[in-house]
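Heavy-atom basis, side chains included; hydrogens, waters and symmetry copies ignored. Throughout, protein chains are lettered first and strands after them, A, B, ... in sequence-line order, and every chain is numbered starting at 1.
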Amino acid sequence: MTTVRTDVLDDLLWRGLVAQSTDLAALRAVLAAGPVTYYCGFDPTAPSLHIGNLVQLLTMRRLQDGGHHPIALVGGATGLIGDPKPTAERTLQTRETVADWVERVRAQAERFLSFEGDNAATVVNNLDWTEPMSALDFLRDIGRHFRVNKMIAKEAVGARLQSEAGINYTEFSYQLLQGMDFLELYRRHGCTLQTGGSDQWGNLTAGLDLIHRAEGGEVHAFATPLVTKADGSKFGKTETGTIWLDASMTSPYAFYQFWLNAEDSQVGTYLRIFSFRERAEIEALEAATRERPAAREGQRALADELTALVHGPAEHAAVVAASLALFGRGSLEELDERTLAASLAELPRATIPAGSGELPPVVELLAETGLFPSRSAARRAVVEGGAYLNNQRVADEAAVPTKADLLHGRWLLLRRGKRHLAAVEVTG
RNA sequence: GGCAGGUUGCCCGAGUGGCCAAAGGGAGCGGACUGUAAAUCCGCCGGCUCAGCCUACGUUGGUUCGAACCCAACACCUGCCA
C-alpha cells in the first residue's frame with residue numbers, strides 16, 4: 001500500500017496551481033485518504049507540446065510524487081475534432097497528421113512522469129474507446145446525459161455563438177468527448193480526479209456531470225491558472241513564436257534564454273509553478289530577486305532547472321557554455337572550436353559559399369541572417385552603432401569582413417543591439 | 001432608397017496641386033545608463049546598387065510640365081433622413 005504525502009494539495013495551493021476546483025475540502029480529504037487515480041489530457045494540436053502544457057505535466061508529476069497514480073491521456077480522438085477556441089474554427093488535421101502528433105506528444109509527456117513503483121504512470125489514447133463506438137451508441141449513451149442548454153452556456157461555445165462565424169457541430173460535440181473520457185477512465189481505472197488548464201474548466205465539469213448522471217459517482221477536478229506575463233499578455237510566446245518543448249522546434253539555447261529573460265516581477269510566480277524546489281528555497285530566491293535583481297538569481301535558477309529537466313543535463317551544460325561565450329564580451333577568439341561551433345549552432349544562421357575570395361559586406365550579412373528585415377534597416381543600425389561583428393561594434397556601413405575576421409576559419413558572429421545574435425558560416 | 005461625410009505608412013491621425021516618403025502620437029528598433037531588466041534621456045523608424053533612384057496616400061482611368069491633394073467611375077466604411 002502506497003503512502004501518500006498529506007501536504008500535496010497545500011503545496012499546490014501555495015504554488016498557485018489551483019485556479020478553480022470542485023469542493024476543496026472534499027478534494028483534500030480524498031487526497032489524504034490514499035492514492036487517487038487522476039488524469040490530464042493532451043490534445044495533439046501541433047507536433048510538440050509547449051511550455052504552457054508544461055504547467056499540466058509538472059502538476060501531474062507533483063501529484064505523482066505525492067503518491068498518487070497518474071494517467072496521461074493523449075487525444076487521438078479529441079485531436080481529430082478540435083476543442084472550440086473562442087475566436088475561430090480550428091482547421092481539421094488529417095488522420096495521418098493527428099496519428100503522428102499523438103505519438104510525438106505521448107513521447108514528450110512520458111518524460112515527465114515516473115513509470116516505476118506502485119503508482120507508476122499509465123498512458124492512454126482516447127481513440128481506443130472512441131473509435132469503436134457507433135454514432136448511435138454515442139448519442140444514446142452519452143448524448144442523452146447532456147443538456148444543450150448547459151452546453152451553450154460554456155464560455156468558448158458562447159463566444160462562438162455570439163460571433164457571426166458561429167460554431168460547427170463537430171466542435172460543439174467536443175465537450176461530450178472529453179466528458180466521455182473521464183467516464184471511461186472512471187470505469188476502467190477508477191479515476192476520480194481530472195486536472196487541466198483553466199480554459200478547460202468547462203470540459204472538466206462536463207466529465208464531472210456525466211459521471212454523476214451515468215454512474216452516480218462523486219469525482220473531482222481542478223484547473224491550473226493561465227500563466228501570464230506582467231502586462232497580462234500571453235505567456236510562452238516570444239517575437240519568434242511559441243516556446244516548444246521539442247528541441248528541433250525551439251532550440252535548447254532559445255529555451256534557456258526564454259527563462260533567463262523572465263521579468264523580475266514574475267520570477268517568483270514562475271518558480272512556484274515550474275520549479276520542483278522546496279518552498280523555503282523558492283522563497284529565498286524570491287527574496288534574492290527583490291534585493292539584488294541585477295544578479296538574476298531567480299531567472300538563472302529557473303533557466304537551469306527547466307533546461308536540464310526538458311532537454312537533459314548535457315544540453316543544459318552546452319547552452320550555459322554557449323550563453324556565457326556569446327554574451328561574455330571579448331573572449332570570442334579564445335574559444336576553442338568545439339565550444340564555438342556548439343554555441344553558434346544554437347543561433348539563426350546564414351551560410352555562404354567560400355568560393356571567390358571576397359566576403360559579402362556586413363550589411364548584407366546582417367539582412368541575410370534575418371537580424372534585420374532589410375539592408376536599409378541594417379545600414380541604419382550600423383550608422384546608429386547597433387550592429388556588431390564578433391562582439392565589436394561595426395563602425396562603417398560599407399564594412400566588409402576579411403578572412404582574418406573568420407573565427408576558426410569559417411564563422412562570424414553578428415549581433416543586433418544587446419541580445420539578438422546570429423551566425424554566418426562559410427562553407428567549402 | 002435619399003442626403004452628407006470618409007478611405008493616408010504597423011496602428012491612430014494631420015495634410016487639399018510643386019517646399020510630401022508625407023506633421024504629430026502610439027507601437028517597434030538602436031544608443032546612453034543598467035542586468036542579455038524596468039524607468040528615463042537621445043536617435044532611428046518604405047525599399048535599393050543610398051548626396052541619387054524606385055515604390056507608396058482604397059481601386060481604375062483622366063486633367064496637368066507636375067497629383068495623397070483636381071475630375072470620373074467603381075469598391076468599402078460612417079452619420080442623418082426614410
It should be established whether A:Tyr388 places a side-chain nitrogen or oxygen under 4.0 Å from OP1 or OP2 of nucleotide B:rG31. yes

Roughly how many Å apart are B:rC69 and B:rU16, using the C1' atom of each and rounding to a whole number? 5 Å

Separation between the C1' atoms of B:rG6 and B:rA68, rounded to whole Å: 15 Å

Euclidean distance, atom CZ of residue A:Phe372 to atom C1' of B:rG28 [Å, nearest integer]: 13 Å

Nucleotide B:rC48, atom P - distance to CD of A:Glu364 in whole Å: 11 Å

For B:rG9, what is the paired nucleotide under Watson-Crick or G-U wobble rules, both distances under 3.5 Å? none

Nearest whole angstrom, please: distance from the P of B:rU36 to the CG of A:Asp304. 16 Å

Mate of B:rG35 across any strand shown (Watson-Crick or G-U wobble, both atom pairs under 3.5 Å) is none

B:rG18 and B:rC70, which share atom name P, separated by this distance in whole Å: 12 Å

Can the positive tip of A:Arg61 be found less than 6.0 Å from the middle of the six-membered ring of A:Phe112, inside 45° of the ring normal? no

To the nearest angstrom, how far is A:Arg292 atom CZ from B:rG35 atom P? 14 Å

Which pairs count as side chain to side chain donor-acceptor pair (under 3.5 Å) when at least one residue sits in residues 362-375 of chain A, sequence neighbours excluded? none

Taking any strand in view, what nucleotide pairs with B:rA23 in a Watson-Crick or G-U wobble way, both distances under 3.5 Å? none

Is the distance from OP1 or OP2 of B:rG46 to the nearest side-chain N or O of A:Ser376 less than 4.0 Å? no

Suppose we define a pair by two distances each less than 3.5 Å, Watson-Crick or G-U wobble; what does B:rA67 pair with here? none

May I ask you to say what A:Glu397 touches in the nucleic acid, namely base, sugar-phosphate or nothing, with a heavy-atom cut-off under 4.0 Å? nothing

Pair A:Glu283, A:Arg279 - check salt bridge (charged side-chain N to carboxylate O under 4.0 Å, His left out), show working. CA-CA 6 Å; A:Glu283 283 172 342; A:Arg279 176 170 182 168; 3.1 Å; yes

Is any side-chain nitrogen or oxygen of A:Arg380 closer than 4.0 Å to OP1 or OP2 of B:rG30? no

Determine: side-chain N/O of A:Arg393 to OP1/OP2 of B:rA32, distance under 4.0 Å, yes or no. yes

Searching all strands shown, indicate the nucleotide that pairs with B:rC53 (Watson-Crick or G-U wobble; both distances under 3.5 Å). B:rG47

Separation between the C1' atoms of B:rU60 and B:rA75, rounded to whole Å: 11 Å

Is there a side-chain polar atom (N or O) of A:Arg419 under 4.0 Å from OP1 or OP2 of B:rG35? no

Re B:rG79: Watson-Crick or G-U wobble partner, both distances kept under 3.5 Å, found to be B:rC3

Crowded around A:Arg111 CZ? As in, over 12 foreign heavy atoms under 6.0 Å? yes

What's the gap between B:rG26 and B:rG13 when it is taken at their C1' atoms, as a whole Å value? 11 Å

Side-chain H-bond candidate by donor/acceptor type, A:Gln257 with A:Ser323, under 3.5 Å: yes

Taking any strand in view, what nucleotide pairs with B:rA72 in a Watson-Crick or G-U wobble way, both distances under 3.5 Å? B:rU60

